[in-house]
Structures are given as structure tokens and as C-alpha cells.
Amino acid sequence: MSTPYPFTALVGQSDLRLALLLNAVSPAVGGVLVRGEKGTAKSTAVRALSTLLPQVDVVPGCRFSCAPTAPDPACPDGPHEAGPAAARPARMVELPVGASEDRLVGALDIERALSEGVKAFEPGLLADAHRGILYVDEVNLLHDHLIDLLLDAAAMGASYVEREGVSVRHAARFLLVGTMNPEEGELRPQLLDRFGLTVEVAASREPLQRVEVVRRRLAYEDDPAGFAGRWSGDEAEVRARVVAARALLPQVRLGDTSLLQIAATCAGFEVDGMRADIVMARTATALAAWAGRTEVRKEDVRQAALLALPHRRRRNPFDAPGLDEEKLDRILDGFPDDEPEPEPEPEPEPEGPGEGPQDGGPDGGGSDGPDGGGGVPPQGSGPDDAPAAEPEAQAPAEPETQPSAPENEPASGPAEQAAVRAAEPFRTKMLSVPGLGEGASGRRSRARTAHGRTTGAQRPRGQLTKLHLAATVHAAAPHQKARGRTGRGLIVRKDDLRQATREGREGNLVLFLVDASGSMAARQRMSAVKGAVLSLLLDAYQRRDKVGLITFRGSSAELALPPTSSVDAAAARLEKLPTGGRTPLGAGLLKAHEVLRIERLRDPSRRPLLVVVTDGRATSAGAVGGDPRELSARSARLLAAGGVASVVVDCESGPVRLGLAGVLAADLGGPAVTLDGLRADSLAGLVKAGLSKSVRTPSPTLRRAA
């Protein structure tokens with residue numbers, strides 16, 4: 001077994017270390033979601049935490065880690081008789097992104113359950129993680145149903161496996177830690193809420209801190225055991241402090257004043273639901289125990305808010321998580337200062353200059369107590385230590401310049417115009433890919449999926465996961481006499497088992513092809529176009545799609561954003577999109593064809609949906625040459641011949657319309673919809689106005705949003 005990197009040797013990341021330690025003190029806090037860019041020691045910190053957890057006593061031979069003093073009465077390996085306990089280190093179990101449902105929750109042997117009537121259960125990762133740590137790297141890339149199962153088990157402290165009337169339950173209490181890179185996509189808000197705490201991590205911009213990170217990492221790789229030995233004293237100190245804080249936790253008093261502070265803070269930030277209040281209360285209590293106190297103070301409530309509320313403030317995927325600390329201070333300042341304790345306990349001496357991580361250590365991230373956010377003892381002295389300067393102050397963002405632009409520009413190509421802001425997003429009609437796919441689970445197009453409506457049965461391909469009971473009985477029934485059946489039981493063999501086929505929804509690759517030429521440069525018009533694309537991006541986020549963005553202007557097309565799960569990145573690129581120049585529509589369509597060809601090789605099961613946002617004009621053939629209109633028509637027919645589902649969002653405005661977007665849609669083999677017709681409520685408004693007779697029935701690929 002390799003020697004893990006010491007927790008106390010981590011440089012910086014004080015909030016991350018504090019959040020992990022608070023969950024080690026009180027697992028009821030609800031886990032930690034760590035958000036940050038790649039290469040910021042997220043995984044290293046989580047793996048290092050497991051060495052600080054105290055050993056656990058278990059029933060010998062129990063696969064579910066039952067405690068000898070209070071074994072689980074429903075344990076599948078029980079009942080357990082009194083006897084000597086076995087001690088083992090707390091486990092850290094990693095859940096791979098590609099794990100199956102059976103690997104997570106465990107699997108039942110359906111064949112033995114039907115033929116022998118026994119519950120032959122193979123435990124999953126939830127059982128392995130009981131009384132330890134369950135770590136999910138890239139949690140935002142997990143399938144939704146796995147995240148739901150994971151968070152349900154974490155909330156209930158138990159895992160349930162149910163198959164065709166056969167059920168197994170076992171305890172599953174663990175410290176849940178998830179890490180993610182926001183560039184690869186966000187978690188849904190309701191899933192974000194299920195994580196107790198969240199922290200944002202980023203690499204230091206201070207050269208001395210970065211030097212110290214490299215120095216320590218190289219020293220660890222050269223001699224892992226020797227490096228860990230140099231930090232063993234600090235590790236033992238933190239381990240003892242975790243044990244002491246756990247013992248003190250039941251004695252910590254959460255007074256009415258602190259409860260009012262928590263309630264006022266959650267109400268002041270308009271946090272949905274009551275989970276935030278409960279998490280803040282548990283976090284503040286753990287902070288007090290970590291500091292060696294039996295009374296929760298105002299600074300504990302403040303620190304708890306900074307850890308428990310930022311991810312609960314998101315209203316849509318384009319909102320950056322965060323908390324206004326000035327507003328938080330104003331709310332808490334409305335309450336009187338904490339009264340002195342009747343029997344004050346001795347507090348640890350504050351760190352002097354050169355002693356703590358902020359002044360003399362490599363941490364550079366605050367003090368030892370809850371105010372500083374670090375909560376970790378001094379990192380010691382030694383040849384690896386180096387002073388760290390304060391993080392650089394962030395320069396204020398320059399205000400966006402929006403020079404005035406003419407309302408109408410000729411199609412021949414005006415000068416480049418500065419980017420304009422998008423209009424307010426709206427709820428869009430549902431755009432879907434025709435047919436039945438087999439892509440990743442999502443919420444857009446019809447597909448064969450592991451979860452959904454049962455539509456039939458087939459012989460299992462590999463391990464049986466979803467039994468079709470009626471089809472299995474139907475396959476076994478004709479052979480009962482030949483198999484010598486004499487009793488009431490049904491003799492079932494492996495060849496009789498049938499897998500249920502199910503139909504649900506899949507996520508697609510939604511590739512946006514946006515016209516940024518001079519014909520779109522009118523400021524109000526481009527603002528409406530950006531608002532429509534932003535609305536479609538929001539819809540793609542909710543339906544769990546991958547998105548990509550191609551823009552065309554001047555003489556070429558550019559892949560502004562390669563296909564990704566991060567709609568935030570697409571929205572950011574869209575916001576900065578300038579306009580101007582001629583309209584190389586054909587070049588844009590050819591670029592879309594090339595991007596989709598490459599993505600089909602990378603992910604053949606994910607079907608694409610091309611959304612072309614343009615007025616249909618083509619005034620430049622780019623590097624290809626020839627007639628621009630003929631090039632765009634040939635490019636569109638090339639996409640249609642490849643089976644690419646397309647939708648054209650017609651951006652043409654004004655009293656005189658050329659209808660070029662409709663011609664483009666016909667070449668692509670898809671429908672055309674106007675900016676106003678893209679709204680989910682547009683048809684309802686026309687019906688109320690008595691104009692429904694003038695509305696043409698939309699294409700089958702355009703369905704009303706659920």
C-alpha cells in the first residue's frame with residue numbers, strides 16, 4: 001500500500017482543510033463538495049484525510065462493518081452475537097465515474113432468489129464505505145440516478161436494494177466528499193443542496209507558495225515514507241484533536257441567540273428550504289467543538305454560513321456561487337455580542353508572528369480558529385517550510401464598453417462591433433431529435449435507457465440488472481415437466497431469465513451555430529438573439545446535454561467552444577461575442593459538419609442536434625470560394641444526408657422578410673422557428689388573442705416543454 005501524502009503537509013487551501021475536518025468531527029454535517037480548477041490538490045486532500053480518522057471497531061467477519069456495541073439489527077450478515085471486536089483503520093472508498101448501479105448499492109442474485117428463495121447479496125461500495133469516507137471524483141459527471149442513490153443513502157444512513165419484491169437493507173453512514181471541475185459542467189441545484197458544505201479552491205498566484213508546493217511534492221515523490229515521517233508529529237496532533245472534538249461534540253450548547261442568527265442569515269439570503277438552517281446549526285456546533293468550546297459563538301455562525309450557503313444561492317446555472325460577506329456581517333451585527341460563558345474554558349494562545357500558517361508557515365491562509373477558516377494546527381518547521389505572502393489583490397474588472405452602433409448595417413460587412421449583453425432568458429419549446437436513441441441518460445430525446453418505462457424484454461447481454469418477471473416465467477413455464485418439477489416452486493434456469501427493456505430520455509449534443517456577421521449587428525437584434533441562445537443553453541443544462549458553440553463572421557467560422565458539459569462556459573463565450581463583417585454561412589455549416597464528424601467518433605451513442613441561429617443570408621464563401629448561396633445550400637444538404645437533426649432559429653426582422661432562413665431549413669431537412677415562436681408560451685398567448693387559426697402547426701420535432 002502506498003504512503004498517502006500527509007494532510008498537514010498541504011500548502012494553503014485552508015477552507016478545504018477546515019471543511020473536511022469539520023465533517024470528520026461531525027459526519028452529520030452532510031459532506032463536502034469541493035469545486036475548483038484542475039491541479040489544486042482536491043483529491044490529495046481527501047485521500048490524506050483518511051489517515052486522520054480514528055480506527056473503528058467492527059464485528060469480525062461482518063461485510064457491513066457493524067459496530068460490536070450496537071450492531072445493525074437488519075444487517076444481512078446478522079444477527080451478531082456478543083464477542084470480541086476487531087479494530088481496523090477507517091476506509092476511504094472511491095466511486096468511479098463509470099460505476100454501475102449494482103457496483104454502488106450491491107447486487108442480488110436474482111436466479112437464486114427465484115429458484116431457491118434465498119437473499120444472496122453481494123455488497124457494493126456503499127457497504128464498504130460504512131463508517132468511513134466515500135469519495136467521488138468528478139461527481140458532476142456521474143449519471144443522475146447514481147447521484148440520487150448516493151445522496152439518498154447519505155441522507156438516510158442506509159442503503160436499500162429492491163428487485164422484484166426481494167429487498168435488502170443495510171446501514172450506510174459515511175463522510176461523503178465530492179470533487180468537481182466547474183468547467184466540465186454543473187450539478188443540478190437540488191443535488192447541490194444535498195451536500196452539507198462547499199468550498200472553492202484555486203491555485204495560489206503567490207510565487208513563494210507555488211515554490212513550496214513544488215518543493216514538497218518533489219520531496220514526497222523521492223521518498224514517500226521519509227516525507228510522511230517528518231510530518232508524523234503534526235499528523236498525530238490533528239488526529240488527537242479530531243478525537244477530542246468528537247468526544248466534546250455532545251456537550252456543545254447551541255443557544256437560542258445562535259439559532260436566531262442562523263435563521264436570520266438563511267432568511268436574509270433567501271435560501272430555499274430548511275436544509276441550510278440545519279446544516280449551519282450542525283456546522284457551527286462542530287466548529288465550537290473543534291475550537292475546544294462548549295458554547296457556539298457568533299464567529300462560528302459566520303464561518304458556518306460561508307461554508308454552507310454559497311452553493312445554495314444559485315438560482316440558475318449561470319449564477320456564480322458565492323456569498324456577500326458584507327451583507328452577512330450586517331445580518332449578524334443586528335444581534336448582541338456573545339455573552340461570556342459562566343465558566344470560561346482556557347483558549348489556546350493565538351499564534352504569534354512566524355508561528356502560524358499565515359505568518360510563518362507555507363499555508364498563507366488564516367489562523368487556527370474558525371475566523372481564519374483554516375482550523376489546522378501549525379504545520380511545523382523544517383527544511384520544507386517557507387514563508388508565504390498574502391494572496392494578490394484582485395484587480396477590479398473593467399466596465400464593459402458598449403459604443404453605439406447603427407441600427408441597420410449593410411450585408412456587405414461593417415466594421416466589428418463591440419459585444420452587447422443578452423436579453424433576459426425565457427422558457428423555450430422543447431427541441432428533440434427524432435427516432436429512438438441509445439445515448440447517455442438525460443431529458444431531451446426518446447431513447448433506450450436503464451431507467452424508464454418498461455417496453456419489452458430480451459435475453460440479457462452480460463449481467464442481469466432489470467428482471468422482466470412475466471417474460472422470465474413465460475420462458476420457464478414450458479419446461480417444468482421436462483425439468484422434473486413436483487412441488488409448487490418454479491424451476492428457473494439461467495437461460496430463462498429475461499432483461500427488461502426500458503424507454504426513457506437521453507441527453508444530446510446540442511451544437512449552436514450562431515451568425516455573428518454584420519447583418520446581425522443591430523444592437524437590439526443581437527441582444528434578442530443572444531437572449532434566445534442563452535435560453536436554449538439553460539434548456540440544455542436542465543436536460544443534461546453537452547453543448548458546443550460555433551460562430552461565423554467575416555470570411556471564416558470559429559469553434560468558440562468545443563463540445564462540453566459546461567453550459568457556463570458557453571454562456572461566457574456568448575456574452576463576449578462581437579459582431580461585424582460579411583456572412584460566411586457555408587463556412588459555418590461546413591465547420592459544424594466537421595465538428596459533428598469528430599464527435600461521432602468520440603461518442604457514437606450521443607445523437608446531435610444542430611441549432612442554426614441566423615437570418616439565412618450568405619454573402620461570403622470564405623476560403624472555399626464560389627457562390628456563397630450555392631455553398632451554403634450544398635453544405636446544408638451535406639448535413640442532412642448525414643442524418644443530423646437540425647433546427648433553424650430565424651432571426652430576420654422588419655416589415656420586409658426574404659424568407660432565407662426557411663430555405664436553409666428546407667435544405668437541412670428540419671423546421672424553422674422565429675425568435676418569438678421559440679418561446680414555450682408563445683402559442684398560448686396567440687390562442688388567448690384569438691389568432692390561433694393563423695399559426696401553422698409546428699414540426700413533430702418541436703414539442704411543448706413539459
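Pairing each heavy atom of Pro71 with each of His80, the nearest pair is CB-CD2, 3.9 Å. What you find for Arg241 and Trp290 is that their closest heavy atoms are NH2-O, 2.9 Å. The nearest pair of heavy atoms linking Val296 to Thr285 is CG2-CA, 4.0 Å. Nearest heavy atom pair, residue Gln499 against residue Pro460, reads CB-CA, 3.9 Å. Taking both residues in full, the closest heavy atoms of Asp300 and Ala288 are given as OD2-CB, 3.8 Å, listed atom of the first, atom of the second, then distance. Scanning both residues, Arg194 and Leu151, for their nearest heavy atoms gives NH2-O, 3.2 Å.
The OG1 atom of Thr454 lies 4.0 Å from the CZ atom of Arg502; values are rounded to the nearest 0.5 Å. Between the CG atom of Asn140 and the CZ atom of Arg35 there is a distance of 9.0 Å, given to the nearest 0.5 Å. In this structure, Arg282 CZ and Ile262 CD1 are separated by 11.5 Å, a value rounded to the nearest 0.5 Å. Separating the CD1 atom in Ile133 from the CG atom in Leu53 is a distance of 4.5 Å, to the nearest 0.5 Å. The structure places CG of Asp277 at 9.5 Å from CG of Leu259, a figure rounded to the nearest 0.5 Å. Here the straight-line distance linking atom SG of Cys75 with atom CZ of Arg63 works out to 8.0 Å at 0.5 Å rounding.
For the pair Leu21/Val25, no side-chain contact is recorded, criterion being any heavy-atom separation below 4.5 Å from C-beta on. Using a 4.5 Å cut-off on side-chain heavy atoms (C-beta onward), Val32 and Val46 make no contact. In this structure the side chain of Leu33 reaches within 4.5 angstrom of the side chain of Val139, judged on heavy atoms. Contact check for Leu10 versus Arg17: side-chain heavy atoms found under the 4.5 Å cut-off. Proximity of Leu16 to Glu200: side-chain heavy atoms (C-beta onward) are nowhere separated by under 4.5 Å. At a threshold of 4.5 Å between non-hydrogen side-chain atoms, the residues Val29 and Leu307 do not count as touching. Residues Glu101 and Leu149 are in side-chain contact: their nearest non-hydrogen atoms beyond the backbone lie under 4.5 Å apart. Contact annotation: the side chain of Leu150 approaches that of Leu126 to within less than 4.5 Å [non-hydrogen atoms, C-beta and beyond].
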Begin with the C-alpha distance, continue with both residues' side-chain angles, and end with the deciding distance and a verdict on salt bridge (charged side-chain N to carboxylate O under 4.0 Å, His left out) for Glu94 and Arg47.
CA-CA 10 Å; Glu94 295 193 41; Arg47 294 187 177 99; 2.9 Å; yes
Verify side chain to side chain contact (heavy atoms under 4.5 Å, CB included) between Met280 and Leu309, making sure each step is shown before the conclusion.
CA-CA 8 Å; Met280 274 190 65; Leu309 297 188; 4.0 Å; yes
Give the C-alpha distance, both sets of side-chain angles, the deciding distance and a yes or no for side chain to side chain contact (heavy atoms under 4.5 Å, CB included) between Leu18 and Leu20.
CA-CA 5 Å; Leu18 178 60; Leu20 292 172; over 6 Å; no
Could you check Val34 against Val201 for side chain to side chain contact (heavy atoms under 4.5 Å, CB included), going step by step and ending with a plain yes or no?
CA-CA 7 Å; Val34 187; Val201 296; 4.1 Å; yes
Would you sort out whether Arg444 and Asp545 count as a salt bridge (charged side-chain N to carboxylate O under 4.0 Å, His left out), showing the intermediate values?
CA-CA 8 Å; Arg444 183 171 298 278; Asp545 295 315; 2.7 Å; yes
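With Ser65 as the fixed residue, the side chain to side chain contact (heavy atoms under 4.5 Å, CB included) test singles out one of His170, His130, Arg173: His130.
Note: Phe227 and Tyr220 have perpendicular aromatic rings, judged against thresholds of 30 and 60 degrees for the angle between ring planes.
The pair Arg169-Asp72 meets the salt-bridge criterion, with a side-chain N (NZ, NE, NH1 or NH2) lying under 4.0 Å from an Asp/Glu carboxylate O. The existence of a salt bridge linking Glu503 and Arg446 is confirmed by a sub-4.0 Å separation between a basic side-chain nitrogen and an acidic carboxylate oxygen.
Looking only at atom types and distance, the side chain of Ser43 has a donor-acceptor partner in the side chain of Tyr135 under 3.5 Å away. For the residue pair Asp137/Thr179, the side-chain donor-acceptor check at 3.5 Å is satisfied. Side chains of Gln458 and Thr501: a donor-acceptor N/O pair is absent below 3.5 angstrom, by distance only. Residues Ser258 and Arg297 bring no donor and acceptor atom of their side chains to less than 3.5 Å of each other.
Glu122 pairs by the salt bridge (charged side-chain N to carboxylate O under 4.0 Å, His left out) definition with nothing, not counting sequence neighbours.
Using a distance-only test at 3.5 Å, with no hydrogens or angles considered, a donor-acceptor pair links the side chain of Gln13 to the main chain of Thr40. Side-chain atoms of Ser26 never come within 3.5 Å of backbone atoms of Asn23 as a donor-acceptor pair (strictly under, hydrogens ignored). In terms of modelled atom types and a separation under 3.5 Å, the side chain of Arg443 and the main chain of Arg544 share no donor-acceptor contact. A donor-acceptor pair under 3.5 Å is formed between the side chain of Arg483 and the backbone N or O of Ile491.
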